[in-house]
There are 2 protein chains.
Amino acid sequence: MAKITRQRQAVLAALDSATSFCTAQELHDVLRHRGEKVGLATVYRSLQLMADAEEVDVIRSDGGEASYRRCSAKHHHHLVCRVCGRAVEVSGPAVEAWADRVAGEHGFSEVSHTVELSGVCASCSEEGGAEAREL
Amino acid sequence: MAKITRQRQAVLAALDSATSFCTAQELHDVLRHRGEKVGLATVYRSLQLMADAEEVDVIRSDGGEASYRRCSAKHHHHLVCRVCGRAVEVSGPAVEAWADRVAGEHGFSEVSHTVELSGVCASCSEEGGAEAREL
DNA sequence: TTAATTGCAAATCCTTTGCAGATTC
DNA sequence: GAATCTGCAAAGGATTTGCAATTAA
């Protein structure tokens, strides 16, 4: 079973230090800058394993790439700023309830849902275009 | 502006006859079987145009492919069966309102949201594993 | 020791693009 | 006739995979 290798820990650490969702390639860059030598394929493989073990969340961007995020135990969603990329975690009891109800009405069970909100945060909309320097 | 070509109409027709979401490649196959000669690239291009014009819905599957579906004019979401792939359109006034409120609370504007529900539909869960033969 | 893991590069898969010829308006 | 399409094949970008060398247990 799963061995605890330097690479695996590095990927986890990179994931932990990320503010929001990251693609495998972004994580690979982070590791590279940190001086950790980890192959891109290994990053992909590690993320896959973690995703299978449900240790990380996976979402698909519009471009089709997979983004990963280490997830806290509890279920929640994200509100991401389209301009600066800042993300806020929001819990949505209302949404959870809605999802269950709607699913139930249609006879569905074992329901899971994906909810992602995006918009422009206060600072970015005021300044009319402050760039994202923080990634 | 948009020309009405045989290929374009064929893609639209294929999309209309589909029960649920289809990938570009699936649509291409459908057309092929119907005897319509339409290049794969053309299918992609048509779908892109339609998606831009908001004439079709686009979602990303777990595998990373884009799936398209002709949609009614109004905004709505989908409840998809993980087993047979059947999809139900659900409107979510509750979700829309929630999204706006949450975003507002965090100072975000120009909010958009993505919501997809998946589960196992009644027939599939009863039969404990009836396969999806219909695609 | 030994099964699991890594790295690299080649291979895949989905999607996009360049371009010459065909089409719609 | 002019601006748009289409098809094909080549190009791209993300992710996967084969395999020999490496490493944790």
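Order of the sequence lines sets the chain letters (A, B, ...), proteins ahead of strands, with each chain counted from 1.
- No hydrogens or angles were tested; on distance alone, a donor-acceptor pair under 3.5 Å links the side chain of B:Lys3 to the base of C:dT23.
- Distance B:Gln48 CD to C:dC14 P: 16 Å, rounded to the nearest Å.
- Here the closest heavy-atom approach between residue A:Val56 and residue A:Leu47 is recorded as CG2-O, 4.2 Å.
- In this structure, CG of A:Leu49 is placed 10 Å from C1' of C:dT5, rounded to the nearest angstrom.
- Here the C1' atom of nucleotide D:dA9 and the CZ atom of B:Arg45 are 12 Å apart, to the nearest Å.
- Comparing A:Thr5 and B:Ala24 by the nucleotide of DNA chain C that holds the closest heavy atom to each, the one mapping nearer the 5' end is A:Thr5.
- Taking atom NE2 on A:His28 and atom C1' on D:dA14, their separation rounds to 14 Å, with Å as the unit.
- A straight line from CD of B:Gln9 to P of C:dT23 spans 15 Å, rounded to a whole angstrom.
- The residue B:Gln25 sits close to a base: some heavy atom pair falls under 4.0 Å.
- Distance B:Glu65 CD to C:dT16 C1': 16 Å, rounded to the nearest Å.
- At D:dT16, none of the side-chain N or O atoms of A:Tyr44 fall inside 4.0 Å of OP1 or OP2 (strictly under the cut-off).
- The hydrophobic clustering, which links ILVMFWY residues whose side-chain heavy atoms are closer than 4.5 Å, places A:Leu15 and A:Phe21 apart.
- Looking only at atom types and distance, the side chain of A:Tyr44 has a donor-acceptor partner in the side chain of A:Gln25 under 3.5 Å away.
- Under 4.0 angstrom from either OP1 or OP2 of D:dT6 there lies at least one side-chain N or O belonging to B:Arg8.
- Side-chain N/O atoms of A:Gln7 include one lying less than 4.0 angstrom from OP1 or OP2 on C:dG7.
- In this structure, A:Lys37 places its NZ atom 18 Å from C1' of D:dT23, rounding to the nearest Å.
- Between B:Leu40 atom CG and D:dA11 atom P the separation is 17 Å, expressed in whole Å.
- If you check the side chains of A:Arg34 and A:Ser17, you find a donor sitting under 3.5 Å from an acceptor.
- Atom-to-atom distance recorded for B:Thr42:OG1 and B:Arg6:CZ is 9.0 Å, nearest 0.5 angstrom.
- Comparing B:Arg60 and B:Arg6 by the nucleotide of DNA chain C that holds the closest heavy atom to each, the one mapping nearer the 5' end is B:Arg60.
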